[in-house]
Amino acid sequence: MFKHIPPFAGDPILSLNDDYQRDPRPHKINLSIGIYFDDAGRIPVLDSVRRAEALVVAKGGPKPYLPIEGAANFRAAVQALLFGAAHEAVTSGRVATIQSVGSSGGLKVGADFIARHFAGSQVWVSDPTWDNHRSMFEGAGLAVHTYPYYDERTGGLKFDEMLATLRRLPPKSIVLLHACCHNPTGVDLSAAQWDALIPLLRERELIPYLDLAYQGFGDGIEADAGAVRTLASAGLSFFIANSFSKSMSLYGERCGALSVVCPDAAQAALVLGQLKFTVRRNYSSPPIHGGQIVATVLTDPELRRSWEAELGAMRERILTMRRTLHGVLSAKLPGRDFGYFLTQRGMFSYTGLSAAQADRLREQHAVYVLRSGRICVAGLNTANVEATAVAMAAVLGAATA
C-alpha cells in the first residue's frame, strides 16, 4: 500500500548531528545544532527555571485541556516581554496572541492563517534563512521566494539590494524578517536600517512576519525586542513568532507563541478567533507544563531578575567565544579579515567556509559545521575553541596556499 511513498532524505542539521553522535573520535567538536551549551559542553538547567518549575509542580491540581489559544497568564506575559506591558498596542488590545508548540508551531499556524485569508499572497525570505522557514510556508501551500541579504564578500548585509527587491513586491506580500540574531548568518539590521525599512513596508503595503527565537542573545532582552516595538509604534500590522527554547533552555518543552499586531481591538478579536480555528484543526490546544514555567519566570519579580542575569551570562559567554575564535584565526592567518565574527550576533555565524571546506573540517579535524559554513558559536567552550580555530585556519589556509 505504501510502496509509492518516497523516503525522507532527513533534515540536514539533525542528520549531521546524528553523524557526530556516531563519530568515535574522542576529540570531535559539534558546532552544527542550534543549542546553547555551557562552558562544560552541557545544556544548562537555569536556576530561575528550576525554581519556577518547583513552584508549578507544588501547585499540583488537575490537568485539564488549556483553552485553544493557551493559558491567559502565559499570553499576557509574552505580550509584556515583546512589547512592554505599557505599550499602546498591548493596552489597546490590538495584539492577538496564542500559545504555540514552540515558535515553529507559531510560524506554521501563522502560515496556515495566511494561506486561508491572504490566498493571493506570496512569501519572501532572506537569502539565506533557516531552512525550515521555507518548508513551513511551502507546507501551507504558499509560494516562497528570496530577497538579497547576506554579503559573502564582507560578511555583512546587502541592505541596498534588499530594499530594492522589497520595493518591487506586490502589496500584501509576506516578508519574513529575523528580529535579531539572524539564523544562520548572525547578521542583523541596525536600528537605522530598521528605520529605513519600515516606511518601505508601509508604502508597499507589505506584511512583515518576524521570527524572534533568540531574544536576549544579541544586545539584551529589551534591545532585542526593538524591531518589534518600533514596528508596533509605527502602526504596522504584522506577525511575530517567538520562542523560549534557547532563552530559558526549555527545548523539549516546546514553549512558543504567535502574536499578530492589528490596527484595532475589533480586528484583533477576529484574528484571534481564526487563529484558534487554525489551532483546533491542527493540535487542538497547547500543553500546560512548559508554558506555566515560562509564565512563572516572567511574572515573579525575583525569578525574572535571576533569569535576566543568567541569560546575560549566556550572552557574554558567546561573546567571549567570538573574541577568542577571532583572535586565534587572526593570528594564524594574519592576511585575512575575520572581523565579521565580532559584528555578527547571537548563537550563529557564517564562517566563510565553502561546502568542500566544511567537509574537510569534519573529515580531517572532527569539527562538525553545516555545509553552508554556519557554526553554532554556543557550541564552543574554553576546552575546544582554540582547537576549532586552528582546524579552521588549516582548512582556510590550504585554500589560499
Does Arg371 form a side-chain contact (heavy atoms from CB on, under 4.5 Å) with Ser354? I'd like the steps, not just the answer. CA-CA 7 Å; Arg371 299 191 81 237; Ser354 67; over 6 Å; no
Test item: Ser259 side-chain N/O and Ile240 main-chain N/O as donor-acceptor pair under 3.5 Å: no
Between OG1 of Thr320 and CG of Asn381, what distance do you get to the nearest 0.5 Å? 12.0 Å
Is a side-chain donor or acceptor of Ser284 paired with a backbone partner of Arg280 at a separation under 3.5 angstrom? no
Quick one: sort the Tyr214 and Phe217 rings into parallel, tilted or perpendicular, breaks at 30° and 60°. perpendicular
Can you give me the closest heavy-atom contact between Tyr147 and Trp124, atom names plus distance? CE2-O, 3.6 Å
Within-4.5 Å side-chain heavy-atom neighbours: Val45 and Ser249: no
Run the salt-bridge test on Glu88 and Arg94 with the 4.0 Å N-O cut-off and return the result as yes or no. yes
Would you sort out whether Val390 and Lys332 count as a side-chain contact (heavy atoms from CB on, under 4.5 Å), showing the intermediate values? CA-CA 7 Å; Val390 170; Lys332 293 288 183 182; 3.9 Å; yes
If we ignore hydrogens and angles and just use 3.5 Å, is the side chain of Asp224 paired with the main-chain N or O of Gly216 as donor and acceptor? yes
Closer than 3.5 angstrom, by distance alone: can the side chain of Lys28 be matched with the main-chain N or O of Asp23 as a donor-acceptor pair? yes
Is a side-chain donor or acceptor of Ser233 paired with a backbone partner of Thr230 at a separation under 3.5 angstrom? no
Can a donor-acceptor pair be found, under 3.5 Å and without considering hydrogens, that links the side chain of Trp194 to the backbone of Val228? no
Can you find a pair of side-chain heavy atoms, one from Val294 and one from Glu253, that are under 4.5 Å apart? no
When you measure from the side chain of Arg229 to the backbone N and O of Leu82, does any donor-acceptor pair fall under 3.5 Å? yes
With a 4.5 Å cut-off on side-chain heavy atoms, are Ile29 and His365 touching? no
Are Arg317 and Asp38 close enough for a salt bridge, meaning some N to O gap below 4.0 Å? no
Counting distance only, does the side-chain N/O of Thr351 pair as donor-acceptor with the main-chain N or O of Gly373 below 3.5 Å? yes
Val123 and Arg134: CA distance, side-chain angles, deciding distance, side-chain contact (heavy atoms from CB on, under 4.5 Å) verdict: CA-CA 9 Å; Val123 180; Arg134 177 179 288 275; over 6 Å; no
Working to the nearest 0.5 angstrom, can you tell me the gap between Gln357 CD and Gln364 CD? 11.0 Å
Can you tell whether the side chains of Arg345 and Asp188 come within less than 4.0 Å, N to carboxylate O? yes
Identify, with sequence neighbours excluded, every residue that meets salt bridge (Lys or Arg N to Asp or Glu O under 4.0 Å) alongside Asp112. Lys108
With sequence neighbours excluded, what pairs up with Ser190 under the side chain to side chain contact (heavy atoms under 4.5 Å, CB included) test? Ala192, Gln193
Taking the side chain from Ser100 and the backbone from Ala257, do they hold a donor-acceptor pair closer than 3.5 Å? yes
Set of residues satisfying side chain to side chain contact (heavy atoms under 4.5 Å, CB included) with respect to Gln274, sequence neighbours excluded: Phe113, Arg116, His117, Phe277
Asp151: what forms a salt bridge (Lys or Arg N to Asp or Glu O under 4.0 Å) with it, not counting sequence neighbours? Arg153
Do Leu169 and Arg204 have side chains that get closer than 4.5 Å, going by heavy atoms? no
Spacing of CD1 belonging to Ile318 relative to CZ belonging to Arg323, to within rounding of 0.5 Å: 11.5 Å
Would you mind reporting whether Lys59 and Leu55 have side-chain heavy atoms less than 4.5 Å apart? no
Only one of Leu176, Leu236, Ile174 passes side chain to side chain contact (heavy atoms under 4.5 Å, CB included) with Pro208; say which it is. Leu236
Side chains of Thr299 and Arg304: closer than 4.5 Å at any heavy-atom pair? no
Please round to the nearest 0.5 Å and tell me the distance separating atom CD1 of Ile13 and atom OG of Ser372. 8.0 Å
Shortest non-hydrogen contact from Ile288 toward Leu66: CG1-CG, 3.6 Å
On a heavy-atom basis, which atom in Asn384 and which in Gly379 lie closest, and how many Å separate them? ND2-O, 3.3 Å
For residues 156-187, pull every pair meeting ring-ring contact (aromatic ring centres under 6.0 Å, His included), keeping only residues two or more places apart or in separate chains. His133-His178, Tyr149-His182, His178-His182
Considering all heavy atoms of both residues, which atom of Pro128 and which atom of Pro184 are nearest to each other, and what is their separation? CG-CG, 3.8 Å
Would you say the side-chain atoms of Gln267 and Asp264 include a donor-acceptor pair closer than 3.5 Å? yes
State the CD-CD distance between Glu222 and Glu308, to the nearest 0.5 angstrom. 7.0 Å
Quick check on Glu152: does its CD atom have over 12 non-hydrogen neighbours (other residues, nucleotides or ligands) under 6.0 Å away? no
Do the side chains of Ile114 and Phe239 get nearer than 4.5 Å, heavy atoms only? yes
Is the number of heavy atoms from other residues, nucleotides or ligands within 6.0 Å of CD (Gln21) greater than 12? yes
CA sep, side-chain torsions, deciding dist, call: Val56, His289, side-chain contact (heavy atoms from CB on, under 4.5 Å): CA-CA 8 Å; Val56 170; His289 187 73; 4.2 Å; yes
The side chain to side chain contact (heavy atoms under 4.5 Å, CB included) partners of Glu310 (sequence neighbours excluded) come to Leu46, Asp47, Ser48, Ser306
Mind listing the closest non-hydrogen atom pair of Arg25 and Tyr368 along with its distance? NH2-OH, 4.1 Å
Give the minimum heavy-atom separation between Val90 and Ala85, together with the two atoms involved. CG1-O, 3.9 Å
Quick check: are there more than 12 heavy atoms from other residues, nucleotides or ligands sitting under 6.0 Å from CZ of Arg281? yes
Regarding Gln344 and Ser349, do their side chains bring together a donor and an acceptor under 3.5 Å, going by distance alone? yes
Mark yes or no for whether Arg322, through its side chain, and Gly346, through its backbone, hold a donor-acceptor pair below 3.5 Å. yes
In Å, rounded to the nearest 0.5 Å, how long is the span from CG of Leu210 to CG of Leu258? 11.5 Å
Quick check: do Leu370 and Leu16 have side-chain heavy atoms less than 4.5 Å from each other? yes
